[in-house]
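Worth saying up front: this structure is predicted, and the values here are computed from it rather than measured.
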Amino acid sequence: MIDKALLQKTRELSDQLIALQTPIRILDAINWDKQTKEEFFRQKCQKNPLIDRAYYQQRDLGFVPSELRQAFSTLHRNIINQLGQLNPIAQYMGKMCTEYKTVLSMLEYRGTPEFHDLSVELFGHPKDLFHAGEPSLSELANMLDKPLQNLLIADILPDDPKNIDAVDAVRILSEQVNASMAGINVEVMLSDGIVSDAAAGANNIKLNQDVKFSQRELDILEVHEGWIHVGTTQNGLAQPYLTCLSKGTPSSTITQEGLAVLTEIITLKSTPRRLSKLVNRIQAVTKVIDGAEFVDIYRDYVAQGLSKDDSYTLAQRVFRGSTPTGLPFTKDIAYIKGFVLVYNLIRVAIQLGRIDRLPLLLVGKISIDDFRLISQLHDLGVIESPQFVPPHFKDLRGLATWLSFGRFIGDLSFEKLENDYKPLFL
């Protein structure tokens with residue numbers, strides 16, 4: 001165990017880290033304004049939006065990046081001086097300081113190729129390999145896309161109707177999350193300032209006031225935004241010492257989104273179209289790396305049957321922070337990349353008989369890369385077990401059985417199975 005004086009110092013330094021991080025709003029700093037969209041449609045969707053470095057430079061970040069970066073450096077030095085550079089607490093908070101300095105540099109380079117390079121440092125690249133000799137993330141996405149497209153083309157699993165307006169959706173979702181997340185007061189609210197249909201805060205879920213929802217989509221938001229994003233934030237805030245777990249690092253987005261997608265699937269809330277949308281984000285990022293421009297991605301989405309508004313929104317996700325002819329913001333690869341990493345971690349935990357460790361994924365906004373360090377800090381009494389645990393992690397028997405059986409089935413040759421069973425459907 002670590003002595004109380006050191007733990008109190010940890011709390012003080014952790015709170016300082018949160019204070020430094022608070023003004024940083026990555027998406028607010030890189031999203032395009034409504035006027036850009038309106039002008040794109042006035043041009044009949046034929047010309048790339050007029051976004052360059054000057055467009056981003058005229059936007060006030062609310063802080064001076066160089067000054068805030070220096071403040072993180074000073075805090076990092078204080079952490080080492082007060083806790084010791086070999087201390088696992090110092091190692092964790094030191095990584096956070098370093099990563100937030102990378103974020104600040106990325107925001108300074110908005111509208112330049114360096115913005116893409118720094119986003120790759122934080123979120124990865126679609127052509128990265130998980131293991132030598134195995135498919136890249138973009139190749140895995142293409143492999144997953146084939147069966148999904150077969151389901152979508154057959155149209156035997158149509159989407160639920162989007163017949164719930166935003167006002168009613170707030171009421172319905174509020175009832176759902178506050179019933180399934182007892183003890184956590186989650187506020188569901190309308191917002192006109194988000195690009196996506198919904199977004200999670202520390203204790204709230206914001207719904208786009210201009211969007212209609214299906215009940216299925218609200219069910220997904222309950223488990224994705226509520227159980228995982230709000231849940232892990234609240235678990236981090238409840239930590240007695242490492243309160244910075246409520247914020248995590250930008251790269252922890254990968255594990256967060258992976259947990260959220262896994263939860264959608266395990267709870268049977270997700271749909272082929274939903275998963276196809278996540279796969280398509282990787283494909284879009286890959287196409288831009290290979291030379292596609294904004295209008296190319298926009299037209300791809302329109303050709304897939306999406307509305308013009310949705311096509312613009314999804315294309316903008318890829319280019320935000322960059323330019324319409326530049327390299328992409330790679331955050332959107334986090335969903336499937338994170339799913340693969342979390343799924344494999346759980347499989348290994350089952351194989352090693354250490355499934356009891358898995359709830360530690362929920363102690364805050366952590367990265368799988370830090371899982372060993374988080375486990376060590378938990379054993380030392382620095383980190384407490386999560387207060388809110390979703391049902392599928394609370395009773396691990398079902399999860400363990402499902403994944404163990406999945407491992408067994410996965411070892412069978414699908415090609416041989418397909419040859420045996422395909423005639424039954426012809």
**Study point:** Test item: I297 and F319 side chains (from C-beta on) under 4.5 Å apart, heavy atoms
**Key:** yes
Point to revise | Closest non-hydrogen atom pair between G326 and V288, with its separation | key: O-CG1, 3.4 Å
Point to revise | Test item: side-chain donor near acceptor, S385 and H378, under 3.5 Å | key: yes
Review point. Just wondering, are more than 12 heavy atoms of other shown residues or ligands nearer than 6.0 Å to NZ in K277?
Key: no
Review point. Do the ring planes of F40 and Y298 sit parallel (below 30°), tilted (30 to 60°) or perpendicular (above 60°)?
Key: perpendicular
Check your understanding: Can you check salt bridge (charged side-chain N to carboxylate O under 4.0 Å, His left out) on E222 and K269, steps first, answer last?
Key -> CA-CA 10 Å; E222 176 189 1; K269 308 296 185 185; 5.4 Å; no
Review point. With a 4.5 Å limit on heavy-atom distance, are the side chains of L245 and I374 in contact?
Key: yes
Review point. Is there a donor-acceptor pair under 3.5 Å between the side chain of S174 and the backbone N or O of R171?
Key: no
Exercise for review: Would you please test Q43 and E39 for side-chain hydrogen bond (donor to acceptor under 3.5 Å, both in side chains) and show each step?
Suggested key: CA-CA 6 Å; Q43 297 293 331; E39 181 61 26; 2.8 Å; yes
Revision key, fill the gap. Sequence neighbours excluded, the answer for side-chain hydrogen bond (donor to acceptor under 3.5 Å, both in side chains) partners of H229 is H224, Q256, E257
Point to revise | Shortest non-hydrogen contact between P49 and P324, atoms and distance | key: O-CG, 3.1 Å
Study note, to complete from the structure: d(T112 OG1, D52 CG) to nearest 0.5 Å is 11.5 Å
**Study point:** Set of residues satisfying salt bridge (Lys or Arg N to Asp or Glu O under 4.0 Å) with respect to E99, sequence neighbours excluded
**Key:** none
Review point. More than 12 non-hydrogen atoms from neighbouring residues, nucleotides or ligands closer than 6.0 Å to CG on L129, yes or no?
Key: yes
Check your understanding: For Y109, does the OH atom sit with more than 12 other heavy atoms under 6.0 Å from it, leaving out its own atoms?
Key -> no
Practice item. Go through the steps for F123 and K337 under the test side-chain contact (heavy atoms from CB on, under 4.5 Å), then give the verdict. Key: CA-CA 9 Å; F123 305 109; K337 178 180 180 179; over 6 Å; no
**Study point:** Check against side-chain contact (heavy atoms from CB on, under 4.5 Å), F329 and L27
**Key:** CA-CA 11 Å; F329 180 47; L27 298 186; 4.2 Å; yes
**Study point:** N235 (side chain) donor-acceptor with G364 (main chain) under 3.5 angstrom
**Key:** no
Review point. What is the minimum heavy-atom distance between F63 and I24, and which atoms define it?
Key: CE2-CA, 4.0 Å
Check your understanding: Do the side chains of E384 and Y241 get nearer than 4.5 Å, heavy atoms only?
Key -> no
Check your understanding: Pick one: which of D369, T249, D370 meets side-chain hydrogen bond (donor to acceptor under 3.5 Å, both in side chains) with K95?
Key -> D370
Practice item. List for me each residue that meets side-chain hydrogen bond (donor to acceptor under 3.5 Å, both in side chains) alongside S367, sequence neighbours excluded, and say none if there are none. Key: none
Point to revise | Close side-chain approach of K37 and Q316, heavy atoms under 4.5 Å | key: no
Review point. Looking just at side-chain N and O atoms, do E187 and N203 make a donor-acceptor pair shorter than 3.5 Å?
Key: no
Revision key, fill the gap. On a heavy-atom basis, the closest approach of L104 and P65 is CD1-O, 4.0 Å
Check your understanding: Is S322 reaching over with its side chain to a backbone N or O of L327, donor-acceptor style, under 3.5 angstrom?
Key -> yes
**Study point:** Under 3.5 Å donor-acceptor, R110 side chain and Q57 backbone
**Key:** no
Check your understanding: Quick one: are V223 and I228 in side-chain contact, heavy atoms under 4.5 Å?
Key -> no
Point to revise | R320 side chain to R317 backbone, donor-acceptor under 3.5 Å | key: yes
Point to revise | Inter-residue atom distance S191.OG - L207.CG, 0.5 Å rounding | key: 9.0 Å
**Study point:** Heavy atoms of other groups near R59 CZ, more than 12 under 6.0 Å
**Key:** yes
Point to revise | Considering all heavy atoms, the nearest D197-F213 contact | key: O-CZ, 3.6 Å
Check your understanding: R25 side chain to T22 main-chain N or O, any donor-acceptor pair under 3.5 Å?
Key -> yes
Exercise for review: Please lay out, stage by stage, how L68 and Y100 fare under the test side-chain contact (heavy atoms from CB on, under 4.5 Å).
Suggested key: CA-CA 9 Å; L68 191 52; Y100 274 114; over 6 Å; no
Practice item. Compare all side-chain heavy atoms of V342 with those of L345 and state whether any distance is below 4.5 angstrom. Key: no
Exercise for review: Run the numbers on H116 and I289 for side-chain contact (heavy atoms from CB on, under 4.5 Å), then give the verdict.
Suggested key: CA-CA 10 Å; H116 164 78; I289 287 171; 4.1 Å; yes
Exercise for review: Check whether the side chains of Q16 and E12 place a donor and an acceptor atom closer than 3.5 Å, and report yes or no.
Suggested key: no
Point to revise | H392 and T263: side chain donor to acceptor below 3.5 Å | key: yes
Practice item. Please work out which of the three classes, parallel, tilted or perpendicular, describes the rings of F294 and W32, given edges at 30° and 60°. Key: tilted
Practice item. Would you indicate whether K206, at its atom NZ, is surrounded by more than 12 heavy atoms from other residues, nucleotides or ligands within a distance under 6.0 Å? Key: no
Check your understanding: Do T330 side-chain atoms and H125 backbone N/O form a donor-acceptor pair below 3.5 Å?
Key -> no
Check your understanding: Regarding Q215 and Q176, is there a side-chain donor-to-acceptor distance under 3.5 Å anywhere?
Key -> yes
Check your understanding: Distance-only, no hydrogens or angles: does the Y56 side chain make a donor-acceptor pair with backbone N or O of G321 under 3.5 Å?
Key -> yes
Exercise for review: Give the ring-plane orientation class for F41 versus Y312, where under 30° counts as parallel, over 60° as perpendicular and anything between as tilted.
Suggested key: tilted
Point to revise | N344 side chain vs V340 backbone, donor-acceptor pair below 3.5 Å | key: yes
Practice item. Would you mind reporting whether I89 and L377 have side-chain heavy atoms less than 4.5 Å apart? Key: yes
Practice item. Side-chain contact test, heavy atoms from C-beta onward, threshold under 4.5 Å: evaluate it for M106 versus I30 and give yes or no. Key: no
Check your understanding: Which atoms form the tightest heavy-atom contact between L361 and I368, and what is the distance?
Key -> CD2-CG1, 4.4 Å
Review point. Does the salt bridge (charged side-chain N to carboxylate O under 4.0 Å, His left out) test come out yes or no for D300 and K287, once each step is laid out?
Key: CA-CA 10 Å; D300 277 351; K287 288 176 183 176; 3.1 Å; yes
Exercise for review: Quick one: list whatever passes side-chain hydrogen bond (donor to acceptor under 3.5 Å, both in side chains) with S252, sequence neighbours left out.
Suggested key: none
Exercise for review: Could you list the residues that satisfy salt bridge (Lys or Arg N to Asp or Glu O under 4.0 Å) with R11, not counting sequence neighbours?
Suggested key: D15
Point to revise | All side-chain hydrogen bond (donor to acceptor under 3.5 Å, both in side chains) counterparts of T36, not counting sequence neighbours | key: D33
Exercise for review: Check the side chains of S246 and Q239 for a donor-acceptor pair under 3.5 angstrom, ignoring hydrogens and angles.
Suggested key: no
